[in-house]
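Bear in mind that the values here come from a model prediction, so they are computed numbers and not experimental data. Letters go in sequence order (proteins before strands), and every chain restarts at 1.
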Amino acid sequence: MANPPLQPVRGTRDLIGEDFRGHHHVVGTARRILALYGHEEWATPIFESTAVFARSLGETSDVVSKEMYSFEDRGGDSITLRPEGTAGVCRALVSNGLTQANLPRKVFYAGPMFRYERPQKGRYRQFHQIGAEVLGAAEPLADAEVIAAGWHILQELGISEGVVLEINTLGDAESRDAYRAALLEHFTAHQAALSPDSQVRLAKNPMRILDSKDEGDRAIVATAPTIQPFLTAAAAGFFDAVLRHLDTLGVPTRQNPRIVRGLDYYSHTAFEFVTDRLGAQGTVMAGGRYDGLVAEMGGPATPSVGWAAGVERLSMLLAAAPAAPRPVAVIPVGEAQEAAALGLLQDLRRAGLVAEIAYKGNLKRRMERANRLSARAALILGEDELAAGQVQLRDLDAGSQATIPLAEAVSRLGA
RNA sequence: GCGGUCGUAGCUCAGCUGGUAGAGCGCCAGGUUGUGGUCUUGGAUGUCGCGGGUUCGAGCCCCGUCGAUCGCCCCA
């Protein structure tokens with residue numbers, strides 16, 4: 001019996017061909033744009049002590065309570081595959097003693113994240129995120145700038161048309177406590193009419209009811225108070241400044257008082273770039289301000305702001321992944337011509353041209369292979385031509401062919 | 001964790017009231033032993049996701065399971 005076929009683990013997938021090129025294009029574009037904004041790239045470990053996430057994301061958040069890939073390593077320590085990137089970056093800031101010098105510090109990261117969830121369109125158990133953080137900046141301009149960088153990336157990817165920035169403020173602790181109390185009062189009054197899910201939310205985190213998708217809930221939410229009247233003067237002023245800077249930086253915004261971020265560490269600015277083109281997973285880039293997180297990691301108070309974006313989701317919005325490069329095919333007609341062909345092959349590559357040679361096959365086979373690689377041109381080295389210091393240059397799109405001096409091959413192909 | 005839909009050739013799919021599999025594309029070979037893509041002729045495709053059950057007989061019916069997909073929860 002043959003071995004049973006192996007399947008990828010549920011919620012994981014291979015990135016091959018067009019999928020990989022789309023993914024690579026998203027990450028590469030983010031890397032390039034964020035460099036323009038002064039972000040440096042960090043690579044933190046893919047797994048951390050479980051405490052790094054449990055403490056920062058909030059013990060009761062779904063991510064911590066039911067979605068983490070946690071395991072005990074051989075030394076008996078509890079380890080978790082990172083479900084998101086910000087906690088690791090903050091931990092790294094503290095671990096590396098970077099909390100004093102050169103703040104604010106702008107960071108970019110990209111890599112795989114892991115959450116044990118039911119897979120769905122645009123949602124995987126191993127997925128990839130890019131993220132930008134501005135660490136150690138309490139000013140509203142930091143919020144606006146990092147959001148502007150995200151918008152810039154979406155524009156550069158050509159997908160900003162169908163995406164809107166929804167933004168809200170969660171206020172400071174004082175505003176939030178007052179608002180939470182008011183919400184609790186409002187929803188408790190309508191408790192019986194709430195959906196079962198929202199009755200649970202009422203006990204755990206009443207703010208979550210605000211973004212419920214349940215029809216009945218929406219009617220109750222519509223009459224719920226917004227946070228605005230509960231904002232302290234400082235919190236209101238902060239949010240106004242963020243909005244003003246975003247306007248100045250050319251980022252269109254839509255205020256949405258129902259936005260609530262899922263992770264506990266957010267305060268003040270909360271935002272999501274959303275689209276209606278991805279079904280239920282409309283959030284494509286999201287983040288906010290997290291002034292208390294670095295302190296949670298054992299560092300000094302380090303007000304910070306940032307966002308993360310799902311690479312798979314951004315990639316799905318791309319009109320088309322960039323095409324693979326089109327090589328030049330070098331084709332020796334007989335074995336005697338192979339040495340000359342290999343020399344030419346390396347000359348082309350040294351000149352920066354993508355060039356390929358088949359490992360075997362006659363002229364017809366090699367031409368077929370060149371076609372399959374969507375080669376743009378073939379350089380055919382025949383015995384007679386080579387003896388005269390010449391090669392055949394065939395344009396595979398036009399189908400035209402010309403005899404040219406071997407020495408001109410590289411320059412004729414536009415090096 | 002919960003609910004809906006779906007798993008047939010490498011890909012996209014067809015397969016009648018159950019009678020032991022088909023198309024297109026792709027692939028391979030010839031027409032063209034120094035020329036691809038177009039054209040033409042021929043050829044090979046398969047544990048019908050997996051396991052069990054019903055039946056004389058199951059791709060088709062039943063149960064389970066794995067996977068995909070869409071939605072809920074939640075989230076990027």
Side-chain angles (χ1 to χ4, degrees), chain A residues 1-13 26 30 57 60-67 83-86 110-131 150 195-198 200-201 204-205 208 211-214 217 260-263 271-275 278-287 306-317 329 331-334 337 358 361-386 391-401:
Chain A
M1 271 297 270
N3 290 323
L6 292 173
Q7 297 178 320
V9 172
R10 165 169 240 187
T12 67
R13 60 174 206 150
V26 167
L57 306 185
T60 61
S61 71
D62 276 30
V63 169
V64 170
S65 62
K66 61 182 193 188
E67 295 174 1
E84 59 104 44
T86 302
M113 305 293 166
F114 306 84
R115 289 181 201 175
Y116 190 87
E117 295 183 277
R118 188 74 174 268
Q120 226 179 100
K121 183 187 184 73
R123 174 201 287 176
Y124 304 94
R125 287 185 173 179
Q126 176 178 334
F127 61 105
H128 298 78
Q129 284 188 337
I130 51 176
S195 66
D197 280 333
S198 285
V200 174
R201 293 183 181 111
K204 270 174 63 178
N205 186 352
R208 286 237 137 275
D211 59 5
S212 171
K213 289 173 187 170
D214 183 87
D217 287 351
V260 177
R261 302 267 54 245
L263 309 178
F271 60 91
E272 299 183 359
F273 286 93
V274 299
T275 176
L278 291 179
Q281 277 65 242
T283 301
V284 110
M285 178 181 280
W307 50 255
V311 177
E312 283 81 1
R313 292 184 187 178
L314 292 174
S315 195
M316 281 189 285
L317 293 175
I331 302 180
V333 173
Q337 279 65 246
N362 58 23
L363 178 55
K364 181 181 170 67
R365 278 255 184 284
R366 288 164 187 263
M367 286 298 289
E368 284 171 351
R369 176 164 174 79
N371 197 57
R372 269 200 297 273
L373 294 172
S374 61
R376 58 193 179 98
L379 284 166
I380 302 162
L381 290 75
E383 187 175 4
D384 298 342
E385 295 92 323
L386 214 46
V391 293
Q392 297 282 345
L393 171 58
R394 183 174 183 84
D395 181 320
L396 292 176
D397 289 330
S400 57
Q401 189 165 323

### Query
Expressed in angstrom and rounded to an integer, what is the separation of Arg10(A) atom CZ from A68(B) atom P?
5 Å
### Query
Which part of the nucleic acid, if any, lies within contact of Arg13(A), taking any heavy atom under 4.0 Å across all strands shown: a base, the sugar-phosphate backbone alone, or nothing?
nothing
### Query
So, is Lys121(A) near the phosphate of C70(B), with a side-chain N or O under 4.0 Å from OP1 or OP2?
yes
### Query
What pairs with Ala286(A) under side chain to side chain contact (heavy atoms under 4.5 Å, CB included), at least two apart in sequence or on another chain?
Arg261(A), Glu272(A), Thr283(A)
Interface polar pairs with nucleotides 2-12 of chain B, N/O, under 3.5 angstrom:
from	atom 1	to	atom 2	distance (Å)
C2(B)	N4	Arg118(A)	NH1	2.5

### Query
Can you tell me which stems RNA chain B forms when a stem means 3 or more consecutive Watson-Crick or G-U pairs under 3.5 Å?
B:1-7 with B:66-72, B:10-13 with B:22-25, B:27-31 with B:39-43, B:49-53 with B:61-65
### Query
Hey, does Asp384(A) reach any base, or is it just sugar-phosphate, or nothing, if we go heavy atoms under 4.0 Å?
base
Measure all distances between protein nitrogen or oxygen atoms and nitrogen or oxygen atoms of nucleotides 28-33 of chain B, and list the pairs falling under 3.5 Å.
from	atom 1	to	atom 2	distance (Å)
A29(B)	OP1	Arg365(A)	NH2	2.1
A29(B)	OP2	Arg365(A)	NH1	3.4
A29(B)	OP2	Arg365(A)	NH2	3.4

### Query
Gln337(A) near the nucleic acid: base, sugar-phosphate alone, or nothing, with a heavy-atom cut-off under 4.0 Å?
nothing
### Those residues that, when tested against Asp217(A), pass salt bridge (charged side-chain N to carboxylate O under 4.0 Å, His left out) (two or more places apart)
none
### Sugar-phosphate, base or nothing in reach of Gly122(A), heavy atoms under 4.0 Å
base
### Query
Expressed in angstrom and rounded to an integer, what is the separation of Ile380(A) atom CD1 from G37(B) atom C1'?
13 Å
### Residue Gln120(A), side-chain atoms from C-beta onward, closest of U35(B), C74(B), G71(B)
G71(B)
#### Entry: Residues forming a side chain to side chain contact (heavy atoms under 4.5 Å, CB included) with Ser374(A), sequence neighbours excluded
Arg326(A)
### hbond_proxy Asn371(A) side chain to G37(B) base (donor-acceptor, 3.5 Å cutoff)
no
### Task
Could you check whether Phe273(A) gets within reach of a base, just the sugar-phosphate, or nothing at all, counting any heavy atom under 4.0 Å?
nothing
### Task
Evaluate whether atom CD of Glu383(A) has more than 12 neighbouring non-hydrogen atoms of other residues, nucleotides or ligands under 6.0 angstrom away.
no
Sub-3.5 Å pairs of nitrogen or oxygen atoms, protein against nucleotides 42-44 of chain B:
none

### Task
Considering non-hydrogen atoms only, spot the tightest contact between Arg125(A) and Pro119(A) and give its length.
NE-CD, 4.3 Å
### Summary
Here the distance between atom P of G36(B) and atom CZ of Arg366(A), to the nearest Å, is 15 Å
### Task
Go through A76(B), G1(B), C73(B) for me and flag the one nearest to the Arg201(A) side chain.
C73(B)
## Note on the structure
When rounded to whole Å, the NZ to P distance for the pair Lys204(A) and C73(B) reads 13 Å
#### Entry: Side chain of Arg208(A) - closest among G37(B), G34(B), C74(B)
C74(B)
#### Entry: For atom CD of Glu312(A) and atom C1' of U69(B), their distance in whole Å
17 Å
### Message
Under 4.0 Å, heavy atoms only, any strand: does Ala370(A) hit a base, just the sugar-phosphate, or nothing?
### Response
nothing
### Query
What does Leu314(A) touch in the nucleic acid at a heavy-atom separation under 4.0 angstrom: a base, only the sugar-phosphate, or nothing?
nothing
### Message
Please report the distance separating the C1' of C6(B) from the corresponding atom of U12(B), rounded so that it comes out in whole Å.
### Response
15 Å
### Counterpart residues, side-chain hydrogen bond (donor to acceptor under 3.5 Å, both in side chains), relative to Arg123(A) (two or more places apart)
none
### Query
Rounding to the closest angstrom, what is the interatomic distance between A9(B) and C25(B) at atom C1'?
12 Å
### Rounded distance in Å - CG (Leu396(A)) to P (G37(B))
11 Å
#### Entry: Least distance between heavy atoms, Ile130(A) atom then Ala30(A) atom
CD1-CB, 3.5 Å
### Query
Residues two or more places apart in sequence or in another chain: which of them pass side-chain hydrogen bond (donor to acceptor under 3.5 Å, both in side chains) with Gln392(A)?
Glu385(A), Gln401(A), Thr403(A)
### Summary
By side chain to side chain contact (heavy atoms under 4.5 Å, CB included), Ala375(A) pairs with (sequence neighbours left out) Pro327(A), Ala329(A), Ala370(A), Leu396(A)
### Query
When all nucleic acid strands are considered with a 4.0 Å heavy-atom cut-off, which category describes Gly282(A): base, sugar-phosphate, or nothing?
nothing
### Summary
Minimal heavy-atom distance between Arg366(A) and Pro332(A), with the atoms involved, is NH1-CD, 3.4 Å
### Summary
Hits for side chain to side chain contact (heavy atoms under 4.5 Å, CB included) against Glu67(A), two or more places apart or cross-chain, chain-then-number order -> Asp62(A), Val63(A), Arg115(A), Glu117(A)
### Summary
Residues passing the salt bridge (charged side-chain N to carboxylate O under 4.0 Å, His left out) test with Lys364(A), sequence neighbours excluded, are Glu368(A)
### Task
Classify the nucleic acid contact of Gly399(A) as base, sugar-phosphate or nothing, counting any heavy atom under 4.0 Å across all strands shown.
base
